[in-house]
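Okay, structure first, notes after.
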Amino acid sequence: MTEYDLVVKNVRVVSDERDTAVAADIAVADGRIADVAPGIDTAAARQVVDGGGKLAFPGVVDAHQHWGIYNPLEQDAASESRACAQGGVTSALTYMRTGQYYLNKGGPYAEFFPEVLERTAGHAHVDYAYHLAPMSKGHIAEIPGLVKEHGVTSFKVFMFYGSHGLHGRSSDQSSFLMTPEGERYDYAHFEFVMRGIQAARTEFPEIADQISLSLHCETAEIMSAYTKMVEEAGDLTGLAAYSASRPQHSEGLAVSIASYLAHETGLPTINLLHLSSRKAMDAAVRMSKAFPHIDFRREVTVGHLLADIDTAHGLGGKVNPPLRPREDVEALWEYVLDGTVDWVVSDHACCREELKFGKPADDVFLAKSGFGGAEYLLPGLVSEGTRRGLSLGRIAALTAWNPARRYGLPTKGRIAPGFDADIALVDPDHTWTVRAADSESTQEYTPFEGFELTARVSDTFLRGNRILADGKVVGEPAGTYLHRPTGNGGDAR
């Protein structure tokens with residue numbers, strides 16, 4: 001008789017390998033999935049959970065979060081990982097850089113990143129990894145060491161940090177980014193970052209496909225000019241004004257520049273982050289045709305799929321790139337449904353109310369950028385996606401399998417023997433109304449306030465440990481740092 005630590009019975013298992021769910025039980029041993037089959041014998045199981053016929057999704061690999069951007073890192077690691085559990089997220093990949101916000105420090109990553117890891121350890125309820133942004137020439141030289149010593153295989157460029165800061169215009173780039181005197185964060189720097197990452201791929205050929213660069217694609221010069229135009233015209237307010245101040249073609253132009261630089265530098269592993277508009281996605285598709293040797297991956301956020309400039313609840317919906325008019329939301333869904341989009345993320349960046357809104361509180365240009373959303377990632381995508389004809393298997397690919405493969409997590413992303421026992425149970429027929437007060441995040445508002453969703457995550461398991469039970473976070477923090485690529489086991493591949 002086989003002994004198991006856990007058997008989750010009576011569920012419908014969702015996999016990226018097929019469109020529909022299959023009735024089965026899931027057996028877990030030593031944190032890994034041991035068997036997926038109907039009628040697993042539970043006589044020797046230490047724990048048995050009846051799934052009640054719910055959908056069993058692979059735990060979400062949320063490839064885009066920001067811990068520690070507005071709150072102390074250790075605080076965000078605790079509270080925002082609890083929000084992750086509510087949304088079925090079991091692996092959070094969070095962006096980190098030197099400069100203002102985050103740890104508010106400059107200097108080499110050799111000194112900076114160990115502090116990041118130390119301040120996160122023991123606080124997270126989900127597994128986590130970090131993407132790092134090379135902000136200076138010195139950081140580029142550190143890329144091979146970050147890969148080898150810390151298992152950091154993904155890096156980032158913020159293309160709009162030129163004449164723009166995090167929230168709007170910035171006249172002192174060096175002070176904001178805390179970069180060495182005389183250095184600039186510009187297209188030339190982006191090129192050299194790409195060359196540095198390609199050099200690392202050459203140095204580590206066995207994991208080259210998992211060493212990649214992600215880009216926030218907006219163009220600072222376009223945004224600066226349009227921000228001035230929108231403010232001077234004065235006929236737009238709120239999220240409509242912010243969208244107009246960072247126009248869609250600014251994204252398309254940045255995508256095109258980034259793509260040509262990837263071609264020039266020979267870097268084939270490019271991730272285009274949070275594409276928010278038809279023009280941005282159109283540019284991304286055009287560039288993939290122009291440069292077929294570049295392995296582009298295209299990301300959208302659940303926020304840009306659920307909310308628009310009119311339906312979002314107040315200025316809490318300010319984010320970069322902006323929420324867009326409804327026609328762009330519909331365009332993004334077209335690209336999700338036709339397979340163009342590779343993964344969906346939360347871009348979770350908790351910003352408490354007293355930090356979010358400026359004075360006057362109704363001026364969108366004074367508000368801080370970013371909001372949380374990990375707790376709505378899987379429920380939102382299942383609710384809205386299935387209504388539009390998105391298959392369950394495609395949702396599993398978008399939220400787990402695809403990002404896990406790209407970002408060096410071979411034991412994540414699928415409910416199958418050998419994979420980590422990361423599981424989210426979803427009731428697809430549970431209608432509920434989003435209320436910020438119900439979130440475990442320390443953020444007191446949400447742009448999704450009042451939205452009606454038709455799917456709810458009831459239970460979440462991290463490596464076989466139940467971290468969400470009937471919608472409530474349970475247990476002590478058990479998340480671990482994911483040194484990538486993580487170890488392979490069983491049939492995980």
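Throughout, residue positions are numbered sequentially from 1 according to the sequence presented. Treat the numbers as computed from the prediction; the structure is a model and nothing was measured.
- Nearest heavy atom pair, residue Thr311 against residue Leu306, reads OG1-O, 4.4 Å.
- What you find for Asp16 and Ala396 is that their closest heavy atoms are N-CB, 3.8 Å.
- Here CZ of Arg484 is found 5.5 Å from CG of Leu93. Values are rounded to the nearest 0.5 Å.
- In terms of modelled atom types and a separation under 3.5 Å, the side chain of Gln443 and the main chain of Cys351 share a donor-acceptor contact.
- Remark: side-chain polar atoms of Asn71 are not paired, donor with acceptor, to backbone N or O of Asp76 under 3.5 angstrom.
- Side-chain polar atoms of Ser276 and Glu251 form a donor-acceptor pair below 3.5 angstrom.
- Between His139 and Tyr109, the angle of the ring planes lies from 30° to 60°, which puts this pair in the tilted group.
- Residue Ala262 comes nearest to Ile270 through the heavy atom pair CB-CG1, 3.7 Å, listed as atom of the first residue, atom of the second, then distance.
- A distance below 6.0 Å separates the ring centres of His66 and His64.
- The pair Glu353-Lys356 does not count as a salt bridge, with every side-chain nitrogen at least 4.0 angstrom from each carboxylate oxygen.
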Working for side-chain contact (heavy atoms from CB on, under 4.5 Å), residues Phe371 and Val319: CA-CA 7 Å; Phe371 52 80; Val319 67; 3.6 Å; yes
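- Ser243 contributes atom OG, which lies 12.5 Å from atom NZ of Lys318 (distance to the nearest 0.5 angstrom).
- Not a single donor-acceptor pair under 3.5 Å links the side chain of Ser214 to the backbone N or O of Leu273.
- Residue pairs satisfying the side chain to side chain donor-acceptor pair (under 3.5 Å) criterion with at least one member in residues 420-430, sequence neighbours excluded, are listed as follows: Arg32-Asp420, Thr411-Asp420, Lys412-Asp420, Lys412-Asp422.
- A donor-acceptor pair under 3.5 Å is formed between the side chain of Asp459 and the backbone N or O of Asp470.
- In this structure a side-chain-to-backbone donor-acceptor pair under 3.5 Å is missing from Arg278 to Leu332.
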Test side-chain contact (heavy atoms from CB on, under 4.5 Å) applied to Phe112 and Met96, step by step: CA-CA 10 Å; Phe112 182 92; Met96 180 62 62; 3.7 Å; yes
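- Judged purely by distance below 3.5 Å, without hydrogens or angles, the side chains of Asn320 and Glu218 never pair a donor atom with an acceptor atom.
- Note on Glu330 versus Arg324: no salt bridge recorded, every NZ/NE/NH1/NH2 to OD/OE distance being 4.0 Å or above.
- With rounding to the nearest 0.5 Å, the separation of CG in Leu482 from OG1 in Thr153 is 10.5 Å.
- Among the candidates Glu444, Glu375, Glu80, Arg82, the single residue satisfying the side-chain hydrogen bond (donor to acceptor under 3.5 Å, both in side chains) test with Ser439 is Glu375.
- Using a cutoff of 4.0 Å between basic side-chain nitrogens and carboxylate oxygens, Glu115 and Lys105 are scored as salt-bridged.
- In this structure, CG on Leu378 lies 9.0 Å from OG on Ser383, to the nearest 0.5 angstrom.
- No donor-acceptor pair closer than 3.5 Å links the side chain of Trp432 to the backbone N or O of Glu452.
- Between the side chain of His274 and the backbone N or O of His304 there is no donor-acceptor pair closer than 3.5 Å.
- Other residues, nucleotides and ligands place more than 12 heavy atoms under 6.0 Å from the CD atom of Glu206.
- In this structure, the side chain of Arg394 engages the main chain of Val336 through a donor-acceptor pair within 3.5 Å.
- Minimum interatomic distance between Val13 and Arg18 (heavy atoms only, all atoms of both residues): O-NH2, 3.4 Å.
- Pairing each heavy atom of Val116 with each of Leu73, the nearest pair is O-CD2, 3.6 Å.
- In terms of heavy-atom proximity, His348 sits nearest to Ala83 at CE1-CB, 4.3 Å.
- Going from atom CD of Glu440 over to atom SG of Cys350 covers 12.0 Å, rounded to the nearest 0.5 Å.
- Ion pair Asp50/Lys9 not flagged as a salt bridge, since none of the NZ, NE, NH1 or NH2 atoms sits closer than 4.0 Å to an Asp/Glu carboxylate oxygen.
- Between the side chains of Tyr407 and Ser91, no donor N or O sits under 3.5 Å from an acceptor N or O.
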Residue pair Leu117, Tyr130: steps toward the side-chain contact (heavy atoms from CB on, under 4.5 Å) verdict: CA-CA 9 Å; Leu117 295 179; Tyr130 283 100; 4.2 Å; yes
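- Using modelled atom types, one finds no donor on one side chain facing an acceptor on the other under 3.5 Å when comparing Asp295 with Thr269.
- Taking the six-membered ring where the residue is Trp, Tyr481 and Tyr128 present tilted rings, their angle falling between 30° and 60°.
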Audit row: Met281, Arg298, side-chain contact (heavy atoms from CB on, under 4.5 Å) steps and yes/no: CA-CA 8 Å; Met281 197 67 73; Arg298 293 165 288 267; 4.1 Å; yes
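- Under 3.5 Å, the side chains of His125 and Ser81 contain no donor-acceptor pair of N or O atoms.
- With 3.5 Å as the limit, one finds a donor-acceptor pair spanning the side chains of Ser212 and Asn271.
- To the nearest 0.5 angstrom, Phe204 atom CZ is 10.5 Å from Thr202 atom OG1.
- A donor-acceptor pair is defined here as one N or O able to donate and one able to accept, closer than 3.5 Å; no such pair exists between the side chain of Ser259 and the backbone of Met287.
- For Tyr445 and His313, the ring centers are positioned 6.0 Å apart or more.
- Salt bridge absent: Arg463 and Asp30 never bring a charged side-chain N and a carboxylate O closer than 4.0 Å.
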